[in-house]
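Below is one structure, written out as structure tokens, with a few remarks after it.
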Protein chains: 2
Amino acid sequence: MTRLPTVSDVATAAGVSRQTVSNVLNAPDVVRPETRERVLAAVSELGYRPHASARRLRTQQSSTIGIRLDPMTDGISGVVLDRFLHALTAQADALGLRVMLFTAAGPEEEIAQFRRLSDGADVDAFVLTSTFEGDPRTEWLIEHGQRFVTFGRPWGVDDMEDPQHLWVDVDGRAGLRAATRHLLDEGLRRIAYVGWPSPSGTGDDRHAGWRETMREAGLDDDELDALEARTPEGVPHGAEALRAVEAATGGAVEGVVCSSDSLALGALLAARGRYPVIGYDNTPVAASIGMSSVDQPLEQVATGVLELLTGAHGGRVRHDGEPVGDPRHRLLEPRLVPRELQVAPA
Amino acid sequence: MTRLPTVSDVATAAGVSRQTVSNVLNAPDVVRPETRERVLAAVSELGYRPHASARRLRTQQSSTIGIRLDPMTDGISGVVLDRFLHALTAQADALGLRVMLFTAAGPEEEIAQFRRLSDGADVDAFVLTSTFEGDPRTEWLIEHGQRFVTFGRPWGVDDMEDPQHLWVDVDGRAGLRAATRHLLDEGLRRIAYVGWPSPSGTGDDRHAGWRETMREAGLDDDELDALEARTPEGVPHGAEALRAVEAATGGAVEGVVCSSDSLALGALLAARGRYPVIGYDNTPVAASIGMSSVDQPLEQVATGVLELLTGAHGGRVRHDGEPVGDPRHRLLEPRLVPRELQVAPA
DNA sequence: CATGGGCATTTGATCGATCAAACCCACCGG
DNA sequence: CCGGTGGGTTTGATCGATCAAATGCCCATG
């Protein structure tokens, strides 16, 4: 394993100076085309690759994004983070950015990690997931002038428009509207909702999507109250909740939409094929048993996150004070993936 | 955001030289305790944090591990990587190592990434997952003197003992032995196996665990042939395979063990509660519906990977030529997690 | 009393790149 | 003929840390 070539090596090989080589790589337009060719030839001949740490030291930019790997939220839906992470990593790579992981047991610890990683210049931007109302993390990041984007809206009313807070999110309400409408269009009418208890930013948003669509379809509030059940995440809870709705409505349920695939799987098992169930997140489980589900456009979320992070400058992370290029947030439309049940549960 | 303190700042604050500060941090024992105290006081007063890139540039060690984020293998079992990643990140952190992600569409591309990351000194060790027979990646890594550990045995016969190849794996055969024995101990006898087609390193290994346990229990080869089904990954395949076994055996099945939770979920649905089904990987789905499953000790896998990577030297990645500290591999025992079905599928 | 060994600490060089300013040279206008 | 202009290129300094060698100091030893 001989020593790797450096800018100087390339420079001598091409008969120019270090700086010219550097220019060819970072500001090709200031170099005469003729020279540029010669340098590029030397670069590829020697197989030169810039030394990331050296560049980072000099430029004070790590071109690395830090993201916390959640402590595996119980449910099936953990995969969402996984898919997002994959999209983010792939797209970041194309922009010359790297993705570094860290873990933390709680918000406090996560903030400690922010400090470590940013002080050590390991990372110069963060991506946060699973934001919640009054999240101390965003507060800290803003206060300390750190660059970040959240996947998920800041659910506090005031926070939502905070110009310092860039976010990308998926319109869960629209997702549930689509799911509900899909069932209505099939001629079904008494569509139940199984979702998380209030208050929950995401949960309430999705719930609203179902509720307003149903009201538009002419159901009154009493009917809707009977058709909905709010329950914590988890397959058994989903099954139980649906049974409760059936009991409350005298078994008149004709379809179900849920706020997660976990709940939906439970509901599906309880429904035993008597009527359709639609989940949320389009997890592999949904895909493999043939359950319809609302798919979050995670590729686009990743794109949005990176756009907001890098601003106009592809590749480099945005400098302090640079304009962000409105809008400062993106709200993306999810998409319903309709499926035919592949596995008869009965 | 004022400039961050450097070693020199700490040095002047403590009335010593740069190097002494550096020594306090990297080789505390060569500094007189008295001086050390003074320096440490200055460090914490100024809130000094070493600049990672600067250190990396000088030491030529990035203290960063690269790992590929798989392109989301269809199945439910993708979560295994997720849990492993979490364990790895958390433990690496404790050793002062960072985990950096990358993606790649295939082995070729992955090798290109190896080159980029190692040449750029972004990463100085790799962790590979999902190894397969004749894997070109390990070959490349060995040839180019890169440090790496695989999670998964090299399944080629010769490779298995290659001293250059460090690996950690979970004994799938033992896992299926445990699962099978568990059902036998409950007085069940005709236990079916639903697993992946041969050849497949992991698949055949797990299959062997079931088969040998069953033979020990007195079943003959004809009976066993009828009780097993090999099918690709996926919930519907699992259901179908189990129905095939039922047909072949005249419905005499009394229990099922599977090579994955995806297959097991399919089998479970097909079994409709008539007899127990045991999966493999202990994914959240299994946990939430109350399906027994074989749990891989991913925490221990992570520990093993890091031990092999860092050798005796906690924190620093092992130098070339340093002894590895036999054994050069770890084969860990999985553990059966027995459960009671929470959700009656019928 | 000089020599030398061991310990704690300091000094100068270095890792590989980029920044800022200097430099060179051809060309133009007065 | 000289000063000015500007594109293209080079030079020296720098980022923040660690390495290697030098320094100073004290004490034991011949």
Side-chain angles (χ1 to χ4, degrees), chain A residues 2-40 42-43 46-64 96 118-122 124 315-316 319, chain B residues 2-40 42-43 46-64 96 118-122 124 315-316 319:
Chain A
T2 56
R3 199 176 58 82
L4 292 162
T6 73
V7 265
S8 302
D9 297 327
V10 176
T12 28
V16 297
S17 73
R18 309 187 303 277
Q19 184 60 28
T20 301
V21 176
S22 173
N23 284 337
V24 169
L25 271 48
N26 300 305
D29 41 317
V30 310
V31 179
R32 199 167 34 157
E34 186 179 318
T35 324
R36 196 190 308 154
E37 290 308 319
R38 201 148 31 96
V39 171
L40 288 175
V43 163
L46 298 183
Y48 166 78
R49 303 238 165 236
H51 191 287
S53 294
R55 170 179 289 170
R56 294 211 260 266
L57 171 60
R58 185 68 250 235
T59 62
Q60 302 288 24
Q61 292 217 334
S62 67
S63 300
T64 300
S118 60
D119 284 2
D122 264 315
D124 48 25
R316 310 266 154 146
H319 281 286
Chain B
T2 57
R3 201 176 56 82
L4 291 162
T6 73
V7 264
S8 301
D9 297 327
V10 176
T12 26
V16 297
S17 73
R18 310 186 303 275
Q19 184 59 29
T20 301
V21 176
S22 173
N23 284 336
V24 169
L25 270 49
N26 300 305
D29 41 316
V30 310
V31 179
R32 198 168 33 158
E34 188 179 318
T35 324
R36 196 190 310 153
E37 291 306 322
R38 202 147 32 95
V39 171
L40 287 176
V43 163
L46 298 184
Y48 166 77
R49 304 241 165 234
H51 191 289
S53 295
R55 171 180 289 169
R56 295 211 259 267
L57 171 58
R58 184 69 250 233
T59 60
Q60 302 289 24
Q61 293 220 330
S62 67
S63 299
T64 300
S118 61
D119 282 3
D122 265 313
D124 49 26
R316 310 265 154 146
H319 282 284

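We name chains A, B, ... by the order of the sequence lines, and we start the count at 1 in each one. Excluded from the calculations below are hydrogen atoms, water molecules and symmetry mates; all remaining heavy atoms, backbone and side chain alike, are included.
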Are any non-hydrogen side-chain atoms of B/Arg38 and B/Val16 less than 4.5 angstrom apart? yes
Shortest non-hydrogen contact from B/Ala14 toward B/Val39: CB-CA, 4.0 Å
What is the separation between atom CG on A/Asn23 and atom P on C/dA17, rounded to the nearest whole Å? 14 Å
N/O contacts under 3.5 Å, protein versus nucleotides 21-26 of chain D?
none

Electrostatic pair A/Asp9-A/Arg18, nearest N-O below 4.0 angstrom: no
Separation of A/Arg55 atom CZ from C/dC15 atom C1', in whole Å? 16 Å
Determine whether A/Ser17 and A/Thr20 make a side-chain contact, defined as any pair of heavy atoms from C-beta on separated by less than 4.5 Å. yes
Could you check whether A/Thr20 gets within reach of a base, just the sugar-phosphate, or nothing at all, counting any heavy atom under 4.0 Å? base
Using atom CG of B/Asp9 as one end and atom C1' of D/dA17 as the other, report the distance to the nearest whole Å. 13 Å
Between A/Arg36 and A/Asp29, does at least one N-O distance fall below 4.0 Å, as a salt bridge requires? no
Please write out each protein N/O paired with an N/O of nucleotides 4-8 of chain C under 3.5 Å, distance rounded to 0.1 Å.
none

Regarding D/dT14, can its base be found pairing with the side chain of A/Arg58 as donor and acceptor, where the two atoms are less than 3.5 Å apart? yes
Under 3.5 Å: donor-acceptor pair, side chain of A/Thr64, backbone of A/Ser62: yes
Taking atom P of C/dC15 as reference, at what distance in whole Å does atom CG of B/Asp124 sit? 19 Å
Rounded to whole Å, the CZ-C1' distance (B/Arg18 to C/dC15) equals 14 Å
From CZ of B/Arg49 across to P of D/dG16 the rounded distance in Å is 17 Å
Taking all non-hydrogen atoms of both residues, which atom of B/Tyr48 and which atom of B/Thr6 are closest, and how far apart? CE1-C, 3.6 Å
Among C/dG16, C/dT10, D/dT18, which is the nearest nucleotide to the side chain of B/Val16? C/dT10
Presence of donor-acceptor pair under 3.5 Å, side chain of B/Arg56 and base of C/dG16: no
Could you tell me the separation between the CG atom of B/Leu25 and the P atom of D/dA17, rounded to a whole number of Å? 9 Å
Using a 4.0 Å heavy-atom cut-off across all strands, classify B/Arg36 as base, sugar-phosphate, or nothing. nothing
Under the 3.5 angstrom rule, does the side chain of A/Thr35 hit a backbone N or O of A/Val31 as a donor-acceptor pair? no
Provide the closest heavy-atom pair for B/Ser63 versus B/Gly96 in the form atom of the first, atom of the second, distance. CB-O, 4.0 Å
Does a nitrogen or oxygen in the side chain of B/Ser17 sit under 4.0 Å from OP1 or OP2 of C/dT9? no
Tell me whether A/Asp124 contacts the main-chain N or O of A/Gln61 through its side chain, where contact means a donor paired with an acceptor under 3.5 Å. no
Under the 3.5 angstrom rule, does the side chain of A/Ser53 hit a backbone N or O of B/Arg56 as a donor-acceptor pair? no
For B/Gly15 and B/Leu57, find the nucleotide of DNA chain C closest to each by heavy atoms; which residue's nucleotide sits nearer the 5' end? B/Gly15
May I ask you to evaluate whether B/Asn26 reaches the phosphate of D/dT18, defined as a side-chain N or O under 4.0 Å from OP1 or OP2? yes
Rounded to the nearest angstrom, tell me the gap between atom CG in A/Asp119 and atom C1' in D/dC15. 17 Å
Angle by which the axis turns from one end of the helix from C/dC1-D/dG30 to C/dG30-D/dC1 to the other, five pairs per end, to 10 degrees: 70°
Which pair of non-hydrogen atoms, one from B/Leu46 and one from B/Pro5, has the smallest distance, and what is that distance? O-CG, 3.5 Å
